[in-house]
There are 2 protein chains.
Amino acid sequence: MKRLQIFGMLNKDMDQIEKELYRSVQGDDELLTETSLHLLKAGGKRLRPVFVLMGGKFGTYDLEKLKRVAVPLELIHSASLVHDDVIDDAELRRGEQTVKAKWDDKIAMYTGDYIYAKALVMTTELKNPRIHEILSRAMVEMSIGEMEQIRDFFNSGQSVRHYLRRIRRKTALLIAISCQLGALAADAEPGVARLLYNYGYNVGMAFQIRDDLLDLSGTEKQIGKPPGSDMRQGNITLPVIYSLEDESLRLPLLEELDAIRKGQRGVGRAIDLILSGEGITRAEDLASRYIEKALTALEALPNNKTKRSLRDIAFFVTGRAY
Amino acid sequence: MKRLQIFGMLNKDMDQIEKELYRSVQGDDELLTETSLHLLKAGGKRLRPVFVLMGGKFGTYDLEKLKRVAVPLELIHSASLVHDDVIDDAELRRGEQTVKAKWDDKIAMYTGDYIYAKALVMTTELKNPRIHEILSRAMVEMSIGEMEQIRDFFNSGQSVRHYLRRIRRKTALLIAISCQLGALAADAEPGVARLLYNYGYNVGMAFQIRDDLLDLSGTEKQIGKPPGSDMRQGNITLPVIYSLEDESLRLPLLEELDAIRKGQRGVGRAIDLILSGEGITRAEDLASRYIEKALTALEALPNNKTKRSLRDIAFFVTGRAY
């Protein structure tokens, strides 16, 4: 998976962030360095650091300061992924073996703990207690979201609202604060930071809905792991919830989900059922509505190059392809 | 396991800390509240909060401020235990079922993540960036220590130095900073905070050696879990390392360790071998030397009631019985 394409100057700064990311987990312990670098070097879009730098453009842009927010945010995101892969028993992520697959669950757990702690150490170099507070609260929310996800495994009775609350915690919040903290670290005006938070929140919601859609309608090459992985592990996503609302799909889909849960069947037929109905389209529509809200938040921001890039990213998320 | 007995006034303050501990993990999510309270209510000596309050006695004692260090330190300690129990596959801790046994590994992992994050949120209420830095660095060291422990499982070639480095990270550091942060939160003099750190570090080393000793020579009733648990899971502790240095014990003990690793044999004969030699006594001697160093650090502190209590705790650790 490649880094998000962005305009010239930020690309150079993103190279620095990339180097700093690698540097941040090196040197303490051979095995932790190896597992952490394996995780980080598998890549990713680096959405969170990109948003931090863009948020910084609305204030006094200082890469040194912004780094100390951008790197921890990507580290926190990465640590959460390595723990998720343990929970989800995932073998592949971004086309590479997961830490839990290449090593084991235990090593993956401490790799996550280590990366979380490293993220926090780096934020202490910024003398702004508000930033710590926002970051640590986001970590609380993320862990609640993860727990909700475990509890909701194979819960076919969950509502759309339930799903949205979960992805808010799991994904949208961290993207929202990436935009916000970039602005705060650059001493941008509070109103600007709030609008950026709103933008990030809505883009994050759309992004996760899209991610969940791709898991059902993408190819293994596109998504770096076998399609239907979410359903296989019991993660009931928006298109599934919508499909269960469809009278003609409900019973056969419930039957498939039950057989998947018992390990009796693969996800092929369940995916076919979902693709045959309106679930995918309805989920795409909801993602688009979040993107519209993100664009509305942007409107009130001062016109500049960064604002246009943020608009591009919002569109990119809607029509996302890897 | 009961809370450490301390003098009157602190006991009342410790009751407040206990309440705050429970309060700190409540309300976000039903399951996380339940798992976290299960963990915290199983008790413990609350050594870290006691040391924070005692450290605070060397400056301007303010319970409200000290709480915001004492509670996070106990939370960080508890979170590390819940993750350790996953790694160690432990069924019992302090005579109660572990979170991983009562629920499962996944729930235990997110319970740990949640409690870590809650600890960090609480420290943000203290506007002293130095405290965050010390705490987050300690979390990095702890995760390195845990990883070293995994890597050293059944490594019968490890040295005493190796073992000491591991328990320094795993245990002594957090106890050292408990003493130090209590002093810092109470604006005690830097020299006093340093001495308290030294005291805590040495008591922590002695404490962990003692804990490892009890795992071999204690009864299930004393230690709240079956004796020999460390060896069963491959954790080679100081008395084992010393016993392996004994020519007459080395080969039979290696054979036992190998059979334990392969799951072919229990730990009974290995324990008998260790008890027959000098390993226990030598480990006790090293613990006593750490206690002496702790007492030396105390000597330079101003004479007061708290100093006498710290001395009592040091002795209590030496002759520790639950």
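Each chain gets a letter, A, B and so on, in the order its sequence line appears, and its residues count up from 1.
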remark   = The reported gap from CD in A:E141 to OH in B:Y114 (rounded to nearest 0.5 angstrom) is 9.5 Å
request  = Tell me, with the steps shown, if A:D105 and B:D105 meet side-chain contact (heavy atoms from CB on, under 4.5 Å).
outcome  = CA-CA 10 Å; A:D105 282 3; B:D105 282 3; 5.8 Å; no
note = Hits for salt bridge (charged side-chain N to carboxylate O under 4.0 Å, His left out) against A:R23, two or more places apart or cross-chain, chain-then-number order -> A:E20
inquiry  = Less than 4.5 Å to any heavy atom of chain B: does that hold for the side chain of A:R151, its backbone, both, or neither?
reply    = side chain
query = Does A:L120 reach the side chain of B:L120, with side-chain heavy atoms less than 4.5 Å apart?
reply = yes
ask   = For the atom pair CE (B:M109) and CD1 (A:I87), what is the distance rounded to the nearest 0.5 Å?
value = 3.5 Å
query = What pair of heavy atoms forms the shortest contact from A:S143 to B:L32, and how long is it?
reply = O-CD1, 4.1 Å
inquiry  = Measuring only between side-chain heavy atoms, which start at C-beta, is B:D113 closer than 4.5 Å to A:D113?
reply    = yes
query = Around A:R165, counting heavy atoms of other residues, nucleotides and ligands shown, do more than 12 lie under 6.0 Å from its CZ?
reply = yes
query = Is there side-chain contact between A:T35 and B:M147, with heavy atoms separated by less than 4.5 Å?
reply = yes
ask   = Which region of B:T123, side chain (C-beta onward) or backbone (N, CA, C, O), has a non-hydrogen atom less than 4.5 Å from a non-hydrogen atom of chain A, or is it both or neither?
value = neither
task = Would you mind telling me which of A:R130, A:M122, A:H132 has the largest number of heavy-atom pairs within less than 4.5 Å of chain B?
result = A:H132
query = Within a radius of less than 6.0 Å around CD of B:E30, do more than 12 heavy atoms belonging to other residues, nucleotides or ligands occur?
reply = no
request  = Side chain from CB out, backbone as N, CA, C, O: work out which of these in B:I107 comes under 4.5 Å of a heavy atom of chain A, or both, or neither.
outcome  = both
inquiry  = Using 0.5 Å steps for rounding, measure from the CG atom of A:D28 to the CD1 atom of B:I144.
reply    = 3.5 Å
key: Interatomic spacing from OH in A:Y116 to OG in B:S136 - rounded to 0.5 Å   = 15.5 Å
query = Looking at B:N128, B:V121, B:I134, B:L135, which has the largest count of heavy-atom pairs under 4.5 Å with chain A?
reply = B:V121
Neighbour count >12 (heavy atoms, 6.0 Å) for atom NZ, B:K65 = no
ask   = Does NZ in B:K106 sit with more than 12 non-hydrogen atoms of other residues, nucleotides or ligands closer than 6.0 Å?
value = yes
note = Okay, A:I150 and chain B: the region with an atom under 4.5 Å from a heavy atom over there is side chain
